[in-house]
Amino acid sequence: MNLLTQFKSWNALKEHAQQMRVLGACGLTDQNNFNIKIQNIELDYSNQNITNKTIDLLVDLAIECKVPEKIQDLLNGECVNISQNIPALHTALRLPQSSTLEKEGVNIIPEIQAVLEKMKQIANQIRSLAWHGRTGKPIVDIVNIGIGGSDFGPRFCLDALSEYAASNLNYHFISDADPRAFERAVKKLNPETTLFIVSSKSFTTYETLYNFEKARQWIGDSAGLEHHFIAVTANEHAAKKLGFENILPIWDWVGGRYSFCSAINLIACIALGYDVFEQILAGAHNMDEHFAKTPLEQNIPVLLALLGVWNINFLHIPTLLLWVYTQQLALFVPYVQQLDMESNGKSFDINGNSVNYATGPIVWGSIGNQAQHSYYQLICQGTHKVAGDFFSVNEFKHDAINALCEAKIQVLNKGVPCVDSTAGYIPGGMPINHIRLDACIPFILGQLVALYEHKIYVQSIIWNINAFDQPGVDSAKQIQHSCVDVLNSLAVSAN
Ligand code: F6P
């Protein structure tokens, strides 16, 4: 039996939701104060179907679930990844150099700083064209080979901040077992001037090793790996066994989908320059500090989490739609999709008991304004309930794109009354958070990533599930490997 549904605060919320259903829209009091701004980021939650009492009851739930204590556990390196009995210290990656954080009696900050220094050296060497291929020509094309958290983060980071990228270099990503993915990526590249970053925390991911093998043959087997390959991994042994000499470590206490601030983001660090990468780390740390020190009712990650719990568990809305109103955040959607759904897509709690309540939402979305010309009809008049997180940047406040965003929020939350025929009627009532960023710049991108890392963690606390393992995926990988083994054996027998 799950304790959560026996909590006093949980049952108070159930009763409150029932009252709200009876009251309907008229039960929504004046919501102008549902707005919080911290440095560079504003959360406007005035278009949620809540009252001040809702927030009070949600904060009670957070307290009864020991959210404040478990926030400190995360930041202090307690073993919050319970099934693997390890911490989840993605926040340590962006702690200032002068910090101290002990893990098993050892201060881990020096080794984190050493990796950052190595990233800086590599970035400076490549950006100054001083990293040469085996024939002595400078490297000008960098290819990241990775998948999941070893791809989504770097790809999103580089796309969002592309105007900061060095223009004398080119950047590419390969992330699939599609037989043509490699050839398509390297079609116009020169093996003498191309560097591959093989990013894999485990160094056992089939798709990544499949493409590494192709890259090794394309560069030329005899060339050795020192000129054209860098490995980023927590499995140094496997990388060395494959012949890698340039190896940047990540740690088992950094989850793959939580590795945005680690060496997994090396290609972005090279492209943008270490100074920009440092601004990203500073922004993420700024959000960590807000998360650690701010009272629950003013704490943006906590509020986002609680509003999600309200919509999922009490208004029974199982999906979360992300609409971004700046093309710079287009790849934030798939990034958060993995971060959220791989963390909270679980139906059993940390004790292995099946849960009798909903957990992680189905996260989807796209560039918001383009949805108007794609699936907006379902959103405004369909039969499925959807909650939304919409993102805009204040630098566009005088541009049509922000007016279009505001208009969508108005229509989807307040509706369009039925006038001459039901055809034009839009019921409204869609709960929407509007996250306004001052601009899409490195510091704020770091804040945004940390904001969603922490929101997802707080929801896992409420649902009493482990946000940092992925047992389903891991077991599926076993099945996949056996299938691939069969395929490979068939391929061998066919030749
Ligand atoms: O999808 C499972 C998963 O392990 C993700 O958690 C991870 O980001 C991805 O595969 C890639 O794993 P690795 O970095 O070990 O290659």
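Every number for a ligand or one of its atoms is a count from 1 in the order of the listing.
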*Is Arg184 salt-bridged to Asp178, going by a charged N under 4.0 Å from an acidic O?*
no

*Charged N to carboxylate O under 4.0 angstrom, Asp340 versus Lys455?*
yes

*Of all residues at least two apart in sequence or in a different chain, which pass the side-chain contact (heavy atoms from CB on, under 4.5 Å) check with Ala271?*
Leu158, Ala165, Tyr171

*Residues in the immediate environment of ligand 1 (any heavy atom closer than 4.0 angstrom)*: Ile147, Gly148, Gly149, Ser150, Ser200, Lys201, Ser202, Thr205, Arg257, Gln338, Glu342, Val473, Lys477

_Under the rule for side-chain contact (heavy atoms from CB on, under 4.5 Å), what residues qualify as partners of Ala450, not counting sequence neighbours?_
Arg94, Ala284, Met287, Asp288, Glu453, His454

*Scan residues 68-78 for pairs that pass salt bridge (charged side-chain N to carboxylate O under 4.0 Å, His left out), counting only residues two or more places apart or in two chains.*
none

*Side-chain H-bond candidate by donor/acceptor type, Asp141 with Asn190, under 3.5 Å*: no

